Each structure stands twice: as C-alpha cells, then as structure tokens.
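Worksheet for the structure shown next.
Per chain, numbering begins at 1; letters A, B, ... match sequence-line order. Note that this is a predicted model, so its numbers are computed, not measured.
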Amino acid sequence: MDYKKLSELLFPNIKNTMDYYENEKYPKRNLPEGAKVTRLAPSPTGFIHLGNLYGAFVDERLAHQSGGVFMLRIEDTDEKRKVEGAVETIISSLEFFGLKFDEGAGIEGESGNYGPYFQSKRAEVYQCFAKYLVEIGRAYPCFCLEEELEELRNQQTKENVNTGYYGKWARDRDLSLEEVQEHLDNKEKFVIRFRSEGTEEGTFEIDDAIRGHLSIHENYQDVVILKTNGIPTYHFAHVVDDRLMRITHVVRGEEWLSTLPIHYEIFKTFGWDTPIYCHTAHLMKMDEGAKRKLSKRKDPELGLGYYKELGYHPAAVREYLLTILNSNFEEWRMENPDSPIDDFEFTLEKMSNSGALFDLDKLNNISKDVLLKIPAVEIYEFLSNWAKEYKTDASELLASNKDEVIKLLSVGRDGQKPRKDLMYCEQILDFISYYFDEYFKIVDSYPENINEDEAKKLLQAYLNTYDHSDDQSQWFDKIRVISQENGYAAKPKDYKKNPDMYKGHVGDVSTVIRIALVGRASSPDVWELQQIMGEEKVRRRIEI
RNA sequence: GACUCAUUGGUCAAGUGGUCAAGACGCCACCCUCUCACGGUGGAAUCAGGGGUUCGACUCCCCUAUGGGUUACCA
C-alpha cells in the first residue's frame, strides 16, 4: 500500500509540513524552568458552573504560581453546541472570580503566538497532522455511514463482544488505493480514523498528578480523528493542540480517564511525550439522597450566575473552592489569617480524588470570615454594584443613604470579638433593610410574657425618657430603670434566681424596644443602630 | 451489560501497618450576654460489608455492596 499516495489523495490541499508547525509556527515557549502552561478548554455553550470554576482554578494556580501561562482555548469542534456570546461570558465569569487568562480566545492585546485559539479555525493544522498519520499508515479513511455503524453496534451487542470500530469489525481498515479512489469518485463522504495497534488485553502505565500511578488498558479502537467536515474530534484536537501550544499540564475532569488510552496512543504515535495529566474529581450534588455529578442541565442553580445573583463575594467563593481543592488550605488559613489567598501554595498532591459534595453551609461560614476582612466601604461598593444589577429598587436607596449604610455595615465589626453578620448581598440587604422605611416591617412578635398593651406601656415609658444624646451606658441604665418600674428584673440573673418575683427581665423589655425599632427580635446593638437612624426616625418607630 | 474510578462522622477531610482515628462546617449543651451574633468550653457522630495477609490492619490483597464515569463523526 502506498500510504504517501493515499495521503495525497485524501489531503491534496495540505502543503504545510508537520515540521513547519512544530518548529516554526509554534516553537517551544521561552519560559523559566518549571513554568507550567495550562489551558481551560471549554466548549462554547457559555454555561459555566461551579465545577468548571473548580477546574479552572487548578489551571490558574498551577500557571500563575510557577510563572507560566494560563490560556483559553475554545473547543468549538461541535457546531451543534455553539452559543452566541459564550466566549465573552466565559471570560467575564472567570474574571469575576479573579481568574485571568494570559493568552487565548477573546483575550486582548498581546495574547500569544499560539493561535488561533478557536479549534474551528485550526482545521488546516489538524489536517496536516492527520495527513502525516495517513502517510505513515496510522490513519485511514472510513466511508461507513452512520446507519452502518449503528448496525455494527447492534451486531456486536448481539454477539456479546465489545462495541466499536476495531480489528475485524473495522470494515474500511484495509481498503486498497483503488477502492478508496472509487469511493471518492462516488463523492462519498468519509472520516479519518486512527489505526490503533493496541490490543484488548494490553496495558500501559502512566502517572497522573492527582491520582498517582495508573495501570490502564490500551486503546484498541480505531477512533475517528477527523470528522466528515474536516474538523477533528476532541481526542485528536487535544493531542495536536496541547502539543503545539506547549501545554505542560492538562487539567480535566475524571470523565476523560476512560479515553486517556486513546490520547496516549496518539501521542506515542507522533513520538511525543504526553503532558502531565491531572484528572480532577467531580464536584457533586446531593439529589434525592444520592450523590450526583453537577450537571448544567439539571443544576442551573449551580451556575456561576446563581452566586452572582445572590451576591456572594468572589473572594468568598475562591476561599471556599480552595478549601475543597486542597485539604491543607484551611489549616494554612488558620495559621495565616491575613495573608493574601495567592500566598497559599497550591499543590496537586493535596487534591482529593473522590468527588466532593457542594456545601452551602460551609460557603456561608467562610463568606462571613471573608467579608469581615473587607472594609465596610468596600462592601458597600460591592453591595451597591450588585443592587444596580439585581435589585434596582434598592439601588437608589443605597445610593442616597451611602453614609448610613456604611455605618450599618460597620456595626460591631471592631474589637476582639467582631460580629460576623454579613454573608452575601441578598442576605446583607435583608439584614439592614429595617433602616429603610420602605422595607421596614415587623417580622417577630413580642416575648410570650408581654402582650400588646404591656408593650405599649413600656414603649411609652421608653419614649418619655429617651434622650438621643445619651451615651450607651446612660441609655441602657434608663432601660433598667424602666424595667424595674414595671416589674421586670433589671438583671437577667435576678430573674433566674426568683422568677416568681418578676414579670420578666430587662432582656424582655429590650426585645420590645428592639422589635419596635427594627422589626425583629435579634439585631446588633440597638443603641448603635439608633445613633445611625437618627432621633426623628427612632421616635417615629417607637410611636407607631 | 462491559470497562473503569471511587468509598473515614450529616458534609469537607487528616491518616499511608502499631494513633485514645486530627481538624473544619453543621448539630446539641453550657459559659459570656439586654436579643441575635461573635467568642469560649464540652458533647453526640466516622473507617460500607465479608473474607484473607500479618504478632498487629482505616492503611496491603480478594469478593460483595453502593456511588461516579465511559461505552458518539459530544466535549
């Protein structure tokens, strides 16, 4: 068989050589020793969920921690999955969470010399490498129709053998030049298949940076590498691109583990070393009592947009992600509470190889700590930007009450035991909503031992003695007096000792005032809130 | 079905043949306290099951169970 002739027959228009791409167009990168080059290679559906961010984070850390390159390549080899504006969405979503690409699709400026970064625009490159495989007899055209393949599968299932295009089942594996010519003359469409030399029994060994040493089955399938339209499948594009773009570490989900043998064989056929593979575990979700992989179809609420809508701070999400990404991160954080997150040394060895369940409680807890470290002014900015997009009615109120809101956000945050009241924008807005007459409403009821009339009496007494210029202790002393005058213990401990002597204690009285003032039984220090609200508003609330 | 990866408390997990099996979130109790938080102290709660190997197994091997993944001219 004259493979050279076959390759010319199949790819008459491909003139470039492999050598041209490997050594001229895409030469070795000039990077310091140990620099890692990683890539995020999403398909352009534009939908990014937490799981994608999780993986992207690994890429980003690996690259930027080592002085390497973090690249965006769009795997748009499947036209059916394209969505308008997807690339912009991907870039902006990741940027929101602090992940910046150095190079690649849609990146401005000096974005690197390894493009184009859309696989759909690299057809010639792939064809050149496919042509080479044909030339050396390791790839061949296949004219099978989809229906024929379907039939093949059925037959194999019936005979209880592995399905697929391989060995004796590979009908077009050994077509003669004349037969190929004949098909071509008939204008039949064809794909290019890889000619595997593996066996069903064979195994090989490979190291995965996350999963350790693996011993896995060889590939023995003649997989499609170039589709009818001349565009490669993932398997081929991955090998060619990651080689030419000089990717050092391939981070991808564990669903790729089972096709790793294909990639390995193709790399070896070209005589190339594989990149270092890092197969990450999936982020899981609890669904009707069972763990399940995150799905873009079933879990729209885990899309990154969801967290933006609720107003989680990107720093909190990053911090959370890192706790599940590297098990030693929390420990490091406890020892270095004030260090920038990027000071943490991320390692692949500390990654879990079983899927973690997304834990909202944990995110919230981490978020509290993260927000505590962000100055109130910055939280205000974050909150108001969020409101502009998601809560337009509140947005104006926030803008016209800027100073007061900042003060509200600051209450109790100083000192040795600062409050951690703030988690995410929606919650924050609710948390301070009582300040605005537009949102104020009574949500909690008075303590059981106090009825409406009693409450009115207490509030009247409070109003009578209220002096806005009182300092905190003067103010509270007055509440103690009111309590005593109305039959409530001035100290909770007194009440505990002799519950029969009192109607309740000072805490009950405070609760009544608190509810009148902010509408709820729990809040930060009332005196501080009053100072922020101003005398007029305080009196008005008490009078109601 | 076949192939494959995984399995330590409710969740995230440390652990690599000898530990009273860390820690964090959540939960409960108590302390602090005018409420709620915060903080502190304490508590309940884990090696999926069964066989081996070994003086000794969470750690090594096998089987089973459960869950994930792949099985496309999708990625």
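Among the heavy atoms of the strands, none lies under 4.0 Å from Pro42(A). Within 4.0 Å (heavy atoms only), Arg520(A) reaches no atom of the nucleic acid at all. Nucleic acid contact class of Thr77(A) (heavy atoms, under 4.0 Å, all strands): sugar-phosphate only. Counting non-hydrogen atoms under 4.0 angstrom, Asn160(A) reaches nothing in the nucleic acid. Across all strands, Val224(A) comes closer than 4.0 Å only to sugar-phosphate atoms, never to a base (heavy-atom distances). Backbone-only engagement by Arg153(A) is indicated by non-hydrogen atom pairs under 4.0 Å involving sugar-phosphate atoms exclusively.
Ranking rU35(B), rA75(B), rC5(B) by closeness to the Arg211(A) side chain, first place goes to rC5(B). Comparing rC73(B), rA75(B), rC12(B) by their closest approach to the side chain of Arg193(A) singles out rC73(B). Among rU35(B), rA2(B), rU7(B), the nucleotide with an atom closest to any side-chain atom of Asn162(A) is rA2(B). Residue Thr163(A) places its side chain closer to rU71(B) than to any other of rU71(B), rA13(B), rC34(B). Comparing rA75(B), rC34(B), rU7(B) by their closest approach to the side chain of Ser510(A) singles out rC34(B). Side-chain proximity of Glu255(A) to the nucleotides rC38(B), rC5(B), rA75(B) is greatest for rA75(B). Among the nucleotides rC73(B), rG68(B), rC34(B), the one closest to the side chain of Thr228(A) is rC73(B). Closest to the side chain of Asp525(A), out of rA24(B), rC38(B), rC34(B), is rC34(B). Residue Met334(A) places its side chain closer to rA24(B) than to any other of rC74(B), rA24(B), rC34(B). Proximity note for Leu357(A) (side chain, C-beta onward) versus rC12(B), rU35(B), rC73(B): the nearest is rC12(B).
A side chain to side chain contact (heavy atoms under 4.5 Å, CB included) with Leu458(A) is found for one member of Asp508(A), Ile450(A), Leu463(A) and no other, namely Ile450(A).
A donor-acceptor contact under 3.5 Å is not formed by the side chain of Arg514(A) with the base of rC36(B).
At the phosphate of rC32(B), OP1 or OP2 sits under 4.0 Å from a side-chain N or O atom of Lys493(A). Applying the 4.0 Å criterion to OP1 and OP2 of rC38(B), one finds that Lys368(A) has a side-chain N or O inside that range. Between Lys227(A) and rC74(B) there is a side-chain polar atom (N or O) within less than 4.0 angstrom of OP1 or OP2. For rU4(B), the OP1/OP2 oxygens have a side-chain nitrogen or oxygen of His217(A) closer than 4.0 Å. Side-chain nitrogen and oxygen atoms of Lys350(A) include at least one within less than 4.0 Å of the OP1 or OP2 phosphate oxygen of rG15(B). OP1 or OP2 of rG26(B) lies within a sub-4.0 Å distance of a side-chain N or O belonging to Asn365(A). Within the structure, a side-chain polar atom (N or O) of Ser327(A) is placed less than 4.0 Å from OP1 or OP2 of rA14(B). Distances shorter than 4.0 Å separate some side-chain N or O of Ser352(A) from OP1 or OP2 on rA13(B).
Aromatic rings from His49(A) and Phe358(A) are positioned such that their centres are separated by 6.0 Å or more. Tyr434(A) and Tyr439(A) have their aromatic ring centers separated by at least 6.0 angstrom. Checked against a 6.0 Å centroid threshold, the rings of His238(A) and Tyr126(A) do not count as neighbours. The six-membered or imidazole ring of His313(A) lies away from that of Tyr307(A), with a centre-to-centre distance of 6.0 Å or more.
A salt bridge is defined here as a Lys NZ or Arg NE, NH1 or NH2 lying under 4.0 Å from an Asp or Glu carboxylate O, and Arg73(A) with Glu75(A) meets this definition. Salt bridge Glu319(A)/Arg333(A): present, at least one basic N to carboxylate O contact under 4.0 Å. Salt bridge annotation for Glu345(A)-Lys350(A): absent, with no cationic side-chain nitrogen under 4.0 angstrom from a carboxylate oxygen. Salt-bridge annotation for Asp59(A) and Arg39(A): absent, with no side-chain N of the basic residue lying under 4.0 Å from a carboxylate O of the acidic one.
Comparing the same atom, C1', in rC74(B) and in rG50(B) gives a spacing of 41 Å after rounding to whole Å. If you take atom P in rA57(B) and the same atom in rG18(B), they sit 11 Å apart, rounded to whole Å. Taking atom C1' on both rC32(B) and rA6(B), the two are 45 Å apart, rounded to the nearest angstrom. Nucleotides rU4(B) and rC62(B) place their P atoms 12 Å apart, quoted to the nearest Å. Nucleotides rU46(B) and rC60(B), compared at atom P, are 22 Å apart to the nearest Å. To the nearest whole angstrom, the two C1' atoms, one in rG43(B) and one in rG9(B), are 14 Å apart. The separation of rG40(B) from rG67(B), taken at their C1' atoms, amounts to 40 Å, rounded to a whole angstrom. Remark: the separation of the C1' atoms in rA21(B) and rG15(B) is 8 Å, to the nearest Å.
Nucleotide rA45(B) has no partner under the Watson-Crick or G-U criteria, as no pair reaches both atom distances under 3.5 Å. The base-pairing partner of rU53(B), taking Watson-Crick or G-U wobble contacts with both distances under 3.5 Å, does not exist among the strands shown. Nucleotide rG10(B) is matched to rC25(B) when pairs are restricted to Watson-Crick or G-U wobble geometry with both distances under 3.5 angstrom. In this entry rC36(B) has no Watson-Crick or G-U wobble partner, no candidate having both defining distances under 3.5 Å.
Toward the 5' end of RNA chain B, the nearer of the two residues Leu257(A) and Asp369(A), judged by each one's closest nucleotide, is Leu257(A). Mapping Lys417(A) and Ser215(A) onto RNA chain B via the closest heavy atom, the residue that lands nearer the 5' end is Ser215(A).
Distance CG (Asn219(A)) to P (rU71(B)): 13 Å, rounded to an integer number of Å. The interatomic distance linking Phe204(A) (CZ) with rU4(B) (P) rounds to 13 Å, in whole Å. Rounded to whole Å, atom P of rA75(B) lies 16 Å from atom CG of Leu40(A). Rounded to whole angstrom, the span from the CG atom of Leu360(A) across to the P atom of rC27(B) amounts to 13 Å. Atom P of nucleotide rC25(B) and atom CZ of Arg333(A) are separated by 15 Å, given to the nearest angstrom. Rounded to an integer number of Å, the gap from Leu149(A) CG to rC74(B) P is 12 Å. Separating the CE atom of Met351(A) from the P atom of rA14(B) is a distance of 12 Å, rounded to the nearest angstrom. In this entry the distance linking CD1 of Ile262(A) with P of rU71(B) reads 9 Å, nearest Å.
Residues Gln221(A) and Ser196(A) come closest through the heavy atom pair O-CB, 3.5 Å.
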